[in-house]
2 protein chains.
Amino acid sequence: MNKKQRATLADVARRAGVSPVTVSRAIRHPDMVSEELRERIDEAVKKLNYIPNHLASALASTRTHIVGVIVPSLTNGVFDDYLGAIQDVLNPAGFQVLVLNVRYSEIEEEKAIQTLMGYHPEAMIVAGVDQTPRSLDLLRHAGMPVVQTMDVSGAPIDLNIGLDHEAAGAAAVRHLYELGHRKIAHLTARADPRARRRHAGYQRQMAAYGLSTEGLVGASPRPSDVAMGGELLDEILAQVPDVSAVFTCNDDLALGTLFECQRRGLRVPDDIAIVGFNDLDFCVAAVPTLTSVSIERQQMGRWAAESILEIIRGSGKRPKQTRVDVGFSIKARGSTAATRKPARKKG
Amino acid sequence: MNKKQRATLADVARRAGVSPVTVSRAIRHPDMVSEELRERIDEAVKKLNYIPNHLASALASTRTHIVGVIVPSLTNGVFDDYLGAIQDVLNPAGFQVLVLNVRYSEIEEEKAIQTLMGYHPEAMIVAGVDQTPRSLDLLRHAGMPVVQTMDVSGAPIDLNIGLDHEAAGAAAVRHLYELGHRKIAHLTARADPRARRRHAGYQRQMAAYGLSTEGLVGASPRPSDVAMGGELLDEILAQVPDVSAVFTCNDDLALGTLFECQRRGLRVPDDIAIVGFNDLDFCVAAVPTLTSVSIERQQMGRWAAESILEIIRGSGKRPKQTRVDVGFSIKARGSTAATRKPARKKG
DNA sequence: TCCCCCATTGATAGCGCTTCCAATGACCGT
DNA sequence: ACGGTCATTGGAAGCGCTATCAATGGGGGA
């Protein structure tokens, strides 16, 4: 660790015997500088280990080339795929993605938006549509493109891509109903707004079928993990021993449910059918394979990033499409395969 | 989206009828400003929705309050816990963590380090000790504290906290050997340097026991996922049908292995024992529960962050300890429970 | 009562870079 | 040979903020 300050543009200029402006140009628009100087400058850059100061450059040009992204979690593969897609579009275009993880906390999200704005990003991508009034206000007056993803409820701030979680929850119930299930449980961990909508969809569809949900909803305030799936299933079984299917708010809980069934000797899907949410990679590997609601997380990320580029490059022109519902699809697998007959109890 | 520029310090000053310096002070050192002015300024800040420009402030003060963190992946819970711990220390101290995910690519890592340095972070935390020569050079001359985490091999650049993956790999083998296993397989996905060391430890320990590893190593160049665990187990079984135990380079593969056993009707641990790595949350939920090598990812993150704060606050003084081996521990669970007797084949 | 000290506020000078415009000289056509 | 054009290069100003030091005035001690 040498204590000497990092080299600046001026240092490079001095060493190459040119003016600072020329160095700046040689780096950003090499074709505007004669070959001779360019080489001399490149050499000086190497020699001095010069790395442009992004803060100074951003300040002077009022172009930060930063896009702020707020995610509520990094614990599962969902946001990894999503972020990956965003970066794959933005990085090659010369933009840096600044990610803040707010761990499903509205207060952290408010702070994160504020922090992010301090960096003057050129656009912002936030997950969900349920920001606090203060957050909404900040975003609305941010003076930059804002994309809300993952959800399509309500009136978007600006651009919006997502899916209808209420419909997805209802569809999961429908899937099970059509397979003959009537006692359908719902398990949900610390419920973010989207999980809550899925729950609402479950309730609505159950009601539409005239089915009671009493004793069939297992909820925990803790963040979800696999073990919780088992715990919540325990609770349900204690109240409704003949529950025949479980729809969980995410795949972790689905996996935990599957394990708990194995532990108890309940056959899946014969005794209990399971539907998860997100369609993470382990769904196809599990035994039996897990039915899950698949969502287009990569597409959401890609679209958000591409729309932003379009706006920035088009100097503010709005893209023709500002709102997209990417839908969802139920990947029907082993955990909801048609069963020959009710095999347990009361059959 | 209003197009008008964001308010600046000067705008606030004008509105409050004070000088810009006073506004700056009122925001950063409120107790240095009289109550009356402070109130007037606060009001102006609110009214104008003023958010300090972090870039300008960092440039002027040469304090960015940024700590750069490079992670090789976000796909599993490992780096989530780690990042969470880092943020929990750094954020309250007024530092912003800038995370770059390099997806296990050395080239991306090189670029990420360069990018990060453009932001003039006050410290850097990188995962692993296997940076490219160019990366090492950049980090060594970065003129800031650098913490390498997750591994302890070789000569650290600066600070270092991690564990000995070679020893961990060997310990996993020892655990299985002592339970009577002799045909111990190793499964590994796209191998980052740490996974490679675990593999080396496996090889060393097998050799120490005089055991052959022929046909017992399943490797894939693809990034790991749960399904791959099954595929690799298939390969092993094709070559060594009487394999009795499997050590995987991570828990995803372990889970996939478990599922594959279930699919094939192989009993775990009676027919095949399994040891994973990382001890992710699902290990305790699986049936049987999965034995795994537990690592102190939160502690590594916390220590890295705390050491950085210590150095920054102590104006460069080195902490007494600059290198820590946090070790590892094998969480012995159901998947390696002692079996009564060899139950399959050749028994 | 006078002076010193401290608390409060402001003026000035950059941080490292880019934008904008001017200056230079080579080359061209006529 | 001369004005004009283009390709290069440099100078000056300033992005929004903070560090530094100066200026102001009130209060307390001698």
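The basis for the numbers below is simple: all heavy atoms, side chains too, and nothing from hydrogens, waters or symmetry mates. Letters A, B, ... are given to chains in the order of the sequence lines, protein chains preceding strands, and every chain is numbered from 1.
Computed from coordinates, the A/D31 CG to D/dT9 P distance equals 12 Å when rounded to whole Å. Distance B/L59 CG to D/dA19 P: 12 Å, rounded to the nearest Å. If you take NE2 of A/H65 and P of C/dC17, they are 15 Å apart, rounded to a whole angstrom. Rounding to whole angstrom units, CD1 of residue A/I51 and P of C/dG16 are separated by 15 Å. Atom P of nucleotide D/dC15 and atom CG of B/N53 are separated by 12 Å, given to the nearest angstrom. The separation between B/R14 atom CZ and C/dG10 atom C1' is 16 Å, rounded to whole Å. In this structure, the CD atom of A/E35 is 12 Å from the P atom of D/dT9, given to the nearest Å. Rounded to an integer number of Å, the gap from A/I27 CD1 to C/dG16 P is 15 Å.
Within 4.0 Å (heavy atoms only), B/L37 reaches sugar-phosphate atoms of the nucleic acid but no base atom. When heavy atoms are screened at a 4.0 angstrom cut-off, B/T62 is found touching no nucleic acid atom at all. Contact annotation for B/P20: no contact, since no heavy-atom pair falls under 4.0 Å across all strands.
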List the steps, then state whether salt bridge (charged side-chain N to carboxylate O under 4.0 Å, His left out) holds for A/D11 with A/R14.
-> CA-CA 5 Å; A/D11 296 328; A/R14 214 166 300 127; 3.2 Å; yes

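Taking five base pairs at each end of the helix from C/dT1-D/dA30 to C/dT30-D/dA1 and finding the rotation axis that steps the C1' atoms of four pairs onto the next four gives two axes whose angle is 40°, to the nearest 10°.
Phosphate contact (OP1/OP2 of D/dG10, side-chain N/O of A/T22, threshold under 4.0 Å): present. Within the structure, a side-chain polar atom (N or O) of A/S19 is placed less than 4.0 Å from OP1 or OP2 of D/dG10.
Remark: B/T62 engages no residue in a side chain to side chain donor-acceptor pair (under 3.5 Å) (not counting sequence neighbours).
A/H54 places no side-chain N or O within donor-acceptor distance of the main-chain N or O of B/L116, the cut-off being under 3.5 Å. Side-chain N or O atoms of B/T149 include one that pairs as donor or acceptor with a backbone N or O of B/V126 at under 3.5 Å. For the pair B/R6 (side chain) and A/H120 (backbone), a donor-acceptor distance under 3.5 Å is absent. A/N160 contributes a side-chain N or O that, together with a main-chain N or O of A/Q148, makes up a donor-acceptor pair within less than 3.5 Å. Proximity of a side-chain donor or acceptor of A/S57 to a complementary backbone N or O of A/N53 within less than 3.5 Å is not detected.
Evaluation of the salt bridge (Lys or Arg N to Asp or Glu O under 4.0 Å) test over residues 64-82 of chain B, restricted to residues two or more places apart or in two chains, returns B/D81-B/R297.
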When every nucleotide of nucleotides 19-24 of chain C is labelled 5' to 3' by its protein contacts under 4.0 Å (heavy atoms), B for base, S for sugar-phosphate only, - for none, what sequence of letters results?
-> B-----

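Side-chain N/O atoms of B/R134 and B/Q114 include a donor and acceptor closer than 3.5 Å. Remark: the A/E110 side chain and the A/T132 side chain contain an N/O donor-acceptor pair separated by less than 3.5 Å.
Taking only side-chain atoms of A/S34, from C-beta outward, the nucleotide of C/dA11, D/dT9, C/dC15 with the closest atom is D/dT9. With C/dC17, D/dT9, D/dG10 as the candidates, the nucleotide lying closest to the side chain of A/A56 is C/dC17.
Closest-nucleotide positions on DNA chain C for A/A10 and B/M32 were compared, and the one nearer the 5' end corresponds to B/M32.
For the pair A/Y50/A/I27, a side-chain contact is recorded, criterion being any heavy-atom separation below 4.5 Å from C-beta on.
Taking a 4.0 Å limit (strictly below) on heavy-atom distances, residues 111-122 of chain A does not reach DNA chain D anywhere.
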Name each donor-acceptor pair under 3.5 Å that joins a side chain in residues 86-98 of chain A to protein atoms two or more places apart or in another chain, with its distance.
residue : atom : partner : partner atom : Å
A/Q87   : OE1  : A/N91   : ND2          : 3.4
A/D88   : OD1  : B/R103  : NH1          : 3.1
A/D88   : OD1  : B/R103  : NH2          : 3.1

